[in-house]
Amino acid sequence: MKRIIIFFVLLLCFSVKAQEDYYHLGFSRDHSVNISREDGTLLKYPWIGGINSIYFSTIDLNFDGHQDLIGFEKHGARLIPLLWNPVTEEYEYAPEYVRFFPKLHDWAIFKDYNFDGKADIFTYGLGSIRVFKQTSTDDTLRFELVADPLESFYYNGLVNIFSSPDDYLAIADIDQDGDLDILNFWVLGKYVHWQKNMSMELYGHADSLNFILADECWGEFNEAADDNVITLFSYCELKDWDPKEEHDRHIGSSMKIIDHNADGLPDLLIGDVDYPDLILLINGGTLDSALMVSQTTDFPNATDPIYLFSMPAVNYIDLDRDGVPEILVSPSDPSLNKSQDHNSLWRYDYNAQSMQYELTTTSWLQDETVDVGSAAYPVLFDWDQDGLLDLFVSNFGSYDSSNYVNGVQKSYYASHIHYYRNIGTANAPHFQLVTDDFGNLRSYNLQSLYPAFGDIDGDGAIDLLCGAHDGKIIFFKNINLGGGLPAYAPPAFNFGNISVTSQSTPQLYDIDQDGDLDLLIGNRRGNIAYYRNVGTTGTAQFELVTTTFGDVDVRNAELSYFGYAAPCFFEYRDITLLVCANEQGELLFYKNIDDNLDGTFTRDWNLVETIDNQPYFIQEGIRCGAAIADLDGDGVPDMIVGNWAGGLSYFKGSDPIQVSVPVVEEEIIRCYPNPTTDFLHIEVNAPSFQYQIYSIMGNLLASAEVNDSMAHYSCSHLPAGLYILKVFTGQKVYSTKFVVVE
């Protein structure tokens with residue numbers, strides 16, 4: 001045993017030297033590839049990634065003195081940066097700035113709380129609020145965690161300022177004393193609390209987050225427990241509160257402070273979970289004692305009021321730099337199946353003649369990007385047989401309508417497939433929309449159609465197999481033998497009695513290299529089923545081999561019971577490889593597949609993109625899907641990634657980048673004891689981080705996100721040996737090795 005320990009310690013000493021390991025594949029983001037509408041006009045932002053539930057704020061991203069935009073997309077916790085170009089007077093998509101921001105989730109509001117001209121970040125913590133102060137000093141965005149949780153003095157002591165993950169709080173200078181205050185709903189909803197910032201009173205400047213509960217019933221109104229009805233002049237009689245009446249309260253509201261009637265008093269806009277309208281409350285009190293005296297849902301005008309499912313959230317931003325702000329509104333309900341998806345970003349412009357805000361579009365930005373509704377599953381296939389791969393994008397569905405079932409909003413969606421023909425060249429793809437309802441499948445009112453193309457019955461026409469929400473496979477026989485768009489016979493809804501329980505994501509691929517197409521199917525559980533084609537020449541017949549092909553399991557067990565595996569097998573340099581997307585938006589890479597169909601595939605590093613010669617994990621939002629092929633003829637695979645918000649991102653294949661940062665800095669990351677027999681303590685000089693633990697053969701054993709500077713990992717189940725620890729701090733990746741001994 002002593003010799004074993006000495007051997008491992010020698011390996012540890014070597015591990016801090018430069019490592020020569022490289023990622024198997026390389027990618028760099030490319031948003032210059034053209035996508036056209038049906039009429040041939042180009043989309044301005046084709047690869048922005050989709051919008052379902054977004055909140056825009058302003059921030060100077062490139063330090064040029066102009067306010068840019070940063071959008072937080074709730075469905076997938078994605079940031080969308082848009083740079084203002086003062087020459088063209090247009091916004092430019094700038095995803096390279098995402099790497100500078102801390103990991104945010106649930107909601108994010110950018111506000112300059114210390115009035116230094118730099119936007120800070122208020123975002124959700126664990127039942128409260130986290131605040132990141134912008135500390136940029138040398139033309140590089142930097143943020144420092146300064147409050148987690150943000151506290152306020154309640155009665156006798158400090159208490160976390162409550163926020164649910166569903167809220168958008170009102171953050172504004174309520175009493176106009178020069179610092180930012182906060183309005184939040186009480187834990188059980190109903191009443192609004194005013195958290196007064198005492199920075200100016202105590203220190204004479206705004207560079208502090210020192211709050212007290214100044215009013216436990218700000219505005220003297222309450223919101224009903226079962227709906228969005230507002231009762232004015234309630235005066236919040238807390239002594240009469242009965243907790244039994246509050247147990248069904250659906251916490252979740254958006255709030256925005258405005259001065260609607262220009263009387264110098266803060267009025268309030270409130271949106272509520274399950275409801276499409278905003279309620280405007282007019283303040284008839286004073287700065288220190290608000291009193292809401294009237295309410296209306298005709299905001300911002302009676303002709304086209306905001307009516308957007310569900311829980312619309314508003315911000316005022318001067319988008320065109322004319323000195324008059326526009327209104328942007330989007331649903332903020334966290335549910336994945338309530339948004340009006342491809343019409344979910346409304347814009348109102350001020351009309352000086354009518355002296356009111358008027359609706360100009362219900363799909364700002366969305367009409368300049370690929371946005372197929374809720375979820376986007378890309379598939380590449382040469383439909384017109386011209387030698388160029390065409391692009392097909394299916395979805396969970398696109399929004400149709402909403403109603404109320406037992407008082408709860410329910411939205412209805414129908415899945416369909418967008419077909420983009422590749423009209424480019426072998427060296428430069430260019431996709432043009434042919435139809436947004438390929439094969440006229442929308443009429444079946446199905447959910448989660450996932451296409452796989454091939455001649456299933458040997459008649460020379462390309463048929464369609466579709467996965468669906470129920471886990472079965474649907475066969476659409478193409479009866480149009482003359483080419484062009486398909487004509488499908490009525491669907492066979494239980495093709496081959498194949499079922500993977502839920503959320504089937506099929507791919508037709510000759511995995512056993514016998515000359516015919518086999519069927520590989522991902523599922524919600526996170527595994528892949530392998531059905532071998534045992535049919536005769538030209539006519540497919542699929543026989544189950546295994547439901548756990550390659551022992552692939554893409555779940556992150558610490559975060560979810562489900563994996564939502566979406567496999568993409570592809571060939572690169574005569575080797576079969578696999579990229580499998582999962583629920584958390586990770587792109588997991590597997591090799592060692594050929595001649596190992598009965599074994600366990602080797603999981604390598606998750607896919608990364610290269611920015612400034614540094615690797616950053618590709619994470620494009622929850623429940624993503626990927627399509628991989630060489631689209632520009634350079635011999636290297638390119639990749640298109642879809643996400644739940646209904647959009648796409650394009651990644652050009654590039655040279656692989658080195659896996660690890662060469663040297664582990666002692667002051668950045670420590671793991672101890674090393675060697676260990678039980679717990680490994682991981683200490684990182686950062687407010688939050690992600691870690692991954694790999695076997696020495698490169699198999700991922702554990703992964704977790706940590707909202708702290710310390711983590712504890714139990715190694716008791718690991719056999720004695722050498723392991724790799726990787727730590728990701730958002731902008732950098734660190735690697736070291738540790739030893740487990742008996």
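In this text, all values refer to a predicted model and were calculated from it rather than measured experimentally.
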Side chain to side chain donor-acceptor pair (under 3.5 Å) pairs, two or more places apart, involving residues 335-349: D274-K338, S335-N337, D341-S374, N343-T362, S344-Q366, R347-D349, D349-T360
Sub-4.5 Å side-chain heavy-atom contact between L82 and D68: no
Sequence-distant partners of S163, side-chain hydrogen bond (donor to acceptor under 3.5 Å, both in side chains), two or more places apart: W107
N156 meets the side-chain hydrogen bond (donor to acceptor under 3.5 Å, both in side chains) criterion, sequence neighbours left out, with none
Can you see whether F72 has K74 sitting over its ring - NZ or CZ less than 6.0 Å from the centre and within 45° of the normal? no
Name all residues meeting the side-chain hydrogen bond (donor to acceptor under 3.5 Å, both in side chains) criterion together with H260; count only those two or more places apart in sequence or in a different chain, and write none if there are none. none
Looking only at side-chain N and O atoms, does Q195 offer a donor or acceptor that is under 3.5 Å from a partner on S152? yes
Hey, is E583 close enough to R524 for a salt bridge, meaning N to O under 4.0 Å? no
Suppose the criterion is side chain to side chain donor-acceptor pair (under 3.5 Å): which pairs have a residue in residues 276-299, not counting sequence neighbours? N228-D277
Contact list for residues 114-124, test salt bridge (Lys or Arg N to Asp or Glu O under 4.0 Å), sequence neighbours left out: none
Go through the structure and list residues passing side chain to side chain contact (heavy atoms under 4.5 Å, CB included) with N643, not counting sequence neighbours. R78, A645
Heavy atoms only: give me the nearest Y191-C217 pair and the separation to one decimal. CD2-SG, 4.3 Å
Audit row: Q356, N351, side chain to side chain donor-acceptor pair (under 3.5 Å) steps and yes/no: CA-CA 6 Å; Q356 65 179 2; N351 186 321; over 6 Å; no
Would the distance check show the side chain of D333 and the main-chain N or O of M311 forming a donor-acceptor pair, the cut-off being under 3.5 Å? no
List the residues meeting side-chain hydrogen bond (donor to acceptor under 3.5 Å, both in side chains) with H712, not counting sequence neighbours, and say none if there are none. H681
Please list all pairs meeting salt bridge (Lys or Arg N to Asp or Glu O under 4.0 Å) that have one or both residues in residues 202-212, counting only residues at least two apart or in different chains. K133-D207
Just say parallel, tilted or perpendicular for the rings of W644 and F396, cut-offs at 30° and 60°. tilted
Name all residues meeting the side chain to side chain contact (heavy atoms under 4.5 Å, CB included) criterion together with I317; count only those two or more places apart in sequence or in a different chain, and write none if there are none. F56, T58, L69, N315, L319, L328
Short side-chain to backbone donor-acceptor contact, E620 and S649, under 3.5 Å: no
Is atom NE2 of H105 surrounded by more than 12 heavy atoms (other residues, nucleotides or ligands) closer than 6.0 Å? yes
Assess whether a salt bridge exists between D179 and K196, defined as any Lys/Arg side-chain N lying under 4.0 Å from an Asp/Glu carboxylate O. no
So, using salt bridge (Lys or Arg N to Asp or Glu O under 4.0 Å) as the criterion, who are the partners of E705 when residues are at least two apart? K103
If a pair satisfies disulfide bond (SG atoms under 2.5 Å apart) and one of its residues is in residues 142-202, list it, with sequence neighbours excluded. none
